[in-house]
Novice: 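First the structure, which I've put down as structure tokens, then a few questions once you've had a look.
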Amino acid sequence: MKKILIIEDDTSISSELKDLLDNAGYEGIIIKDFESSFEEIKKENPDLILLDINIPKLNGEMLLQKIRKESNVPIIMVTSKNTEADEVLSMSYGADDYITKPYNPTILLLRINNIFKRMENKNDVLTYNDLTLDPKKGIIKNGKEEFILTKNEMIIFIFLLSNRGNIVTRDDLMTDLWNNDSYINDNALNVNISRLRTKLKDFGYEDAIETRKGQGYILK
Amino acid sequence: MKLSKYLKNNFLNLVLSMVVIVIINLMLISFKTNNQAIIGINFILIVGLIIHIIYDFERRKKFYNKFLNDLDLLDQKYLITEMIEKPNFYDGEILYDSLYEIDKSMAEKIKEYSLSIQDFKEYIEMWIHEVKLPLASINLMLHNHKELSDKKIVEQLKRIDDDVEQVLYYVRSENAEKDYLIKETELNKVISNVAMKNKDILLENNINFEVEVGNKKVLTDSKWLEFIVNQIVSNSIKYIRSGVEHYIKITAEENNKSVILKIYDNGIGIEKSDLNKVFNKTFTGNNGRKVETSTGMGLYIAKQLCKKLGHKITIDSKESEFTEASILFNKNDFFEVRKKSK
């Protein structure tokens, strides 16, 4: 399980953030002692750090510089400072991403996921049972047959696949689509899901995407 | 400075001098002074008087003409004390010293006010960062506890966030200091952030959101532009027209001098008589009266921010048909040249 360190002095936010990360399958760890935050980071050896700028003692930007001298651990700055200058400064100090409060929690999870994906640098081919998925070419295939997935179908399928076995809400799917600049509406989402179902059915996976009424979808 | 006016001003002095000359003449005659001596004395008296008048007039003229001329040229009139030299006549010295004192006390007062505005601005910015924390917290809570979550709550939260942002950018737009940062920005990214912010309300109201801006880039402060575009899109959402399929379409045009971003909606449009007032502070017009939450500040702030960034914002509309906002970004030759030489 990926360890994510939360450095945030607002206790309400940090505990909700921990719940969010835990529910998403990460291990969220909250740093409580800002006096020795740097030592604590070294001790915990996290896979990613969510760092607020306005923290007591050493501020976030200074802490970021200090971490960067010793480690390349991915860092997302999470802050209510929303000026261009703050962002440029943080990125120049070596932050991997910059998100301003209040943020959409789904977006935060997507950004975290993006960073991990980028790091693992997999050859981008995903699998579902005997099907392989090539997002770059927009192709889904098994040994015999090959279908083209549209951009939206691909986004939806990848999202379901990375949450396989868990319920995915329509809102989560919409957020992911809009995050990829596909500003589709509810009808279009229905159409895309039914087309995706048809294509999966052609591969013999009927009912692979199950509808959970009032909750969302689940990929079995 | 005119001689006639100067003489008029010194009329009493001149009359007195004349009276003195007449008395001296009377005394000289009564002492039976020789005529030639009387002429000589009169000559000296009159020439002396004229020289005195000319000298006094000239030194005043020199000072006041420069003073008035400089005052006319100056944009900030209070800087006059930095321009003029201290005059060499008594009342001029008093004027000069007094002006200096007045200026100094005014400068102190202005400094006091500008410091207090600065303090207030800093406080507002700090307060806004502070108020964003509970907003972030509630957003997370609603996400983590789906049983608490309700579209209506999320919508109201967004309203608070939008209103808070408006205050922040109002303070920034009214402030003289430069707190933006111009850099090359992808239009797509800015629009994507705005879209995401308004996703729920767009979907809820069945508004189609179409974006065709390619990968065009502009020179701007991305955060400021995001606020500006968000104001325009928020208006498009606010003023939808019933009975038609709603849509907002964002496009961009580029030529070798500029990029124009266009935000088009098929909403209720703006009355012709209101069209040239939409950027006025607190102007709400006919449309504003149809919607409860209109403050008339959004477009005003957007225009102020555009002015500071050097963009040109315009709005075109036809009632019951469409509204189209355009933002023109100039391309900076210097920036282009620098990029190429890298």
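Lettering follows sequence order; numbering is per chain, from 1.
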Novice: List the steps, then state whether side chain to side chain contact (heavy atoms under 4.5 Å, CB included) holds for Ser80(A) with Glu130(B).
Specialist: CA-CA 8 Å; Ser80(A) 58; Glu130(B) 221 43 54; over 6 Å; no

Novice: Counting only non-hydrogen atoms closer than 4.5 Å, does Lys146(B) touch chain A with its backbone (N, CA, C, O), its side chain (CB onward), both, or neither?
Specialist: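 Side chain only.
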
Novice: Counting only non-hydrogen atoms closer than 4.5 Å, does Asp172(A) touch chain B with its backbone (N, CA, C, O), its side chain (CB onward), both, or neither?
Specialist: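 Contact with chain B is through the side chain of Asp172(A) alone.
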
Novice: Within the supplied structure, the quantity of interest is the number of heavy atoms (other residues, nucleotides, ligands) at a distance under 6.0 Å from Lys151(A) NZ; does it exceed 12?
Specialist: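 More than 12 heavy atoms, drawn from other residues, nucleotides or ligands, come within 6.0 Å of this atom.
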
Novice: Would you mind reporting whether His143(B) and Glu16(A) have side-chain heavy atoms less than 4.5 Å apart?
Specialist: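 In short, these two side chains do not touch, never coming nearer than 4.5 Å.
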
Novice: For a 4.5 angstrom cut-off between non-hydrogen side-chain atoms, does Asn185(A) reach Asn208(B)?
Specialist: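 Answer yes - side chains close enough.
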
Novice: Measure Asp221(B) against the heavy atoms of chain A and call it side chain, backbone, both or neither at under 4.5 Å.
Specialist: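 For Asp221(B), heavy atoms of backbone and side chain both lie under 4.5 Å from chain A.
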
Novice: Please indicate whether Glu39(A) has more than 12 foreign heavy atoms, meaning atoms of other residues, nucleotides or ligands, lying under 6.0 Å from its CD.
Specialist: yes

Novice: Given side chains that start at C-beta, do those of Lys199(B) and Asp171(A) come closer than 4.5 Å, heavy atoms only?
Specialist: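 Yes, their side chains come closer than 4.5 Å.
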
Novice: Would you check if the side chain of Glu84(A) reaches a backbone N or O of Ser222(B) as a donor-acceptor pair within less than 3.5 Å?
Specialist: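 Flag set: sc Glu84(A) to bb Ser222(B) pair under 3.5 Å.
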
Novice: Just so I know, are the side chains of Ile13(A) and Leu140(B) near enough to count as touching, which here means a heavy-atom distance under 4.5 Å?
Specialist: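 In contact.
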
Novice: Look at atom CG of Asp33(A) and say whether more than 12 heavy atoms of other residues, nucleotides or ligands are closer to it than 6.0 Å.
Specialist: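 Count over threshold, so yes.
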
Novice: Step through the shown structure and confirm whether more than 12 heavy atoms of other residues, nucleotides or ligands are within 6.0 Å of CD1 on Ile30(A).
Specialist: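 It does: Ile30(A) CD1 has more than 12 such atoms within range.
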
Novice: How far apart are the C-alpha atoms of Tyr183(A) and Ile250(B), what are their side-chain angles, what is the distance that settles it, and do they pass the side chain to side chain contact (heavy atoms under 4.5 Å, CB included) test?
Specialist: CA-CA 12 Å; Tyr183(A) 309 114; Ile250(B) 303 183; over 6 Å; no

Novice: For the NZ atom on Lys249(B), are there more than 12 heavy atoms of other groups (residues, nucleotides or ligands in this structure) within a distance under 6.0 Å?
Specialist: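 Atom NZ in Lys249(B) is not crowded, with 12 or fewer foreign heavy atoms closer than 6.0 Å.
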
Novice: Name the region of Phe227(B), side chain, backbone, both or neither, that has any atom closer than 4.5 Å to a heavy atom of chain A.
Specialist: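 No part of it gets close to chain A.
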
Novice: Is chain A contacted by the side chain of Asp200(B), its backbone, both, or neither, given a heavy-atom distance below 4.5 Å?
Specialist: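 When you check distances to chain A, only side chain atoms of Asp200(B) fall under 4.5 Å.
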
Novice: Does any heavy atom of chain B fall under 4.5 Å from the side chain of Asn187(A), the backbone, both, or neither of them?
Specialist: neither

Novice: With Asn144(B) as reference, evaluate Asp22(A), Asn23(A), Leu17(A) under the side-chain contact (heavy atoms from CB on, under 4.5 Å) test and give the passing residue.
Specialist: Asn23(A)

Novice: Heavy-atom distance under 4.5 Å to chain A: side chain of Glu125(B), backbone, both or neither?
Specialist: neither

Novice: Which atoms of Ser15(A) come close to chain B, meaning under 4.5 Å heavy atom to heavy atom: side chain ones, backbone ones, both, or neither?
Specialist: neither

Novice: Please classify the contact between Val78(A) and chain B as side chain, backbone, both or neither, with a heavy-atom cut-off of under 4.5 Å.
Specialist: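 Contact with chain B: none, neither part.
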
Novice: Could you please spell out the steps behind the side chain to side chain contact (heavy atoms under 4.5 Å, CB included) verdict for Asn139(B) and Asn104(A)?
Specialist: CA-CA 7 Å; Asn139(B) 265 329; Asn104(A) 179 329; over 6 Å; no

Novice: Are the side chains of Thr83(A) and Leu181(B) in contact, using a 4.5 Å heavy-atom criterion?
Specialist: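 They are not in side-chain contact.
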
Novice: Holding to side-chain contact (heavy atoms from CB on, under 4.5 Å), I want the full list of residues that pass it with Ile201(B), two or more places apart in sequence or in another chain.
Specialist: Asn198(B), Asn205(B), Ile237(B)

Novice: Report the distance from atom NZ of Lys223(B) to atom NZ of Lys81(A), rounding to the nearest 0.5 Å.
Specialist: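 Spacing of NZ (Lys223(B)) from NZ (Lys81(A)) equals 13.0 Å.
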
Novice: Taking side chain as everything from C-beta outward and backbone as N, CA, C, O, which of these in Asp10(A) sits under 4.5 Å from a heavy atom of chain B? Side chain, backbone, both or neither.
Specialist: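 Just its side chain gets close to chain B.
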
Novice: Given heavy-atom pairs under 4.5 angstrom as the criterion, report whether the side chain, backbone, both or neither of Ile128(B) touches chain A.
Specialist: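 Contact with chain A involves no heavy atom of Ile128(B) at all.
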
Novice: Report yes if some heavy atom in the side chain of Asn82(A) is under 4.5 Å from a heavy atom in the side chain of Leu168(B); otherwise report no.
Specialist: yes

Novice: Within the 4.5 Å heavy-atom criterion, are Leu135(B) and Lys101(A) side-chain neighbours or not?
Specialist: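 With C-beta onward as the side chain, the pair stays apart.
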
Novice: Need one label for Ile107(A): side chain, backbone, both or neither, based on atoms under 4.5 Å from any heavy atom in chain B.
Specialist: side chain

Novice: Under a 4.5 Å heavy-atom cut-off, does chain B meet the side chain of Thr79(A), its backbone, both or neither?
Specialist: neither

Novice: Is the NZ atom of Lys216(B) crowded by more than 12 outside heavy atoms at less than 6.0 Å?
Specialist: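 Count over threshold, so yes.
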
Novice: Tell me whether the count of non-hydrogen atoms from other residues, nucleotides or ligands lying under 6.0 Å of NZ in Lys312(B) goes above 12.
Specialist: no

Novice: Is it the case that more than 12 heavy atoms not belonging to Lys220(A) sit under 6.0 Å from its NZ atom?
Specialist: yes

Novice: Rounded at 0.5 Å granularity, tell me how far CD in Glu165(B) sits from OG1 in Thr100(A).
Specialist: 7.5 Å

